[in-house]
Amino acid sequence: MSYEPGKGYRDGWEDRHFGKPNMAPMGWGNATTDDSVYWDEYKQGYADASKRIVEDARRTISDMKADLNKRFLTESNERLL
């Protein structure tokens with residue numbers, strides 16, 4: 001495998017967004033090789049994508065809760081009138 005800067009990160013990011021499992025091998029050692037640099041980037045991209053997915057889900061749920069509360073308050077006020 002020849003090293004292309006950023007490719008591992010992009011691959012990890014895309015795999016996580018498409019629901020694929022983390023493909024980074026466990027314990028490949030401490031040597032700095034093209035492979036280890038690629039997999040370091042891959043793991044970082046996968047982790048960053050996971051964080052982004054969770055943040056987006058939290059934001060979506062917060063927005064849904066706010067919308068439900070607004071609807072409930074509006075409907076409650078309409079009933080009182």
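Salt-bridge annotation for D56 and R52: present, with a side-chain N of the basic residue lying under 4.0 Å from a carboxylate O of the acidic one.
For the atom pair CZ of R16 and CG of N22, the computed distance is 9.5 Å after rounding to the nearest 0.5 Å.
Just one of R59, R58, K65 meets the side-chain contact (heavy atoms from CB on, under 4.5 Å) condition when paired with I61; it is K65. When each of Y46, W39, Y38 is checked for a side chain to side chain donor-acceptor pair (under 3.5 Å) with D11, only Y38 meets the rule.
The aromatic rings of W13 and Y9 lie parallel to each other, their planes meeting at an angle below 30°, with 60° marking the opposite boundary.
In plain terms, the two heavy atoms of R10 and E4 that are nearest each other are NH2-OE2, 2.9 Å. The two residues A24 and K43 make their nearest non-hydrogen contact at CB-CG, 3.4 Å. The two residues H17 and A49 make their nearest non-hydrogen contact at CD2-CB, 3.7 Å.
Under the 3.5 Å distance criterion, with hydrogens and angles disregarded, no donor-acceptor pair is assigned to the side chains of Q44 and D40.
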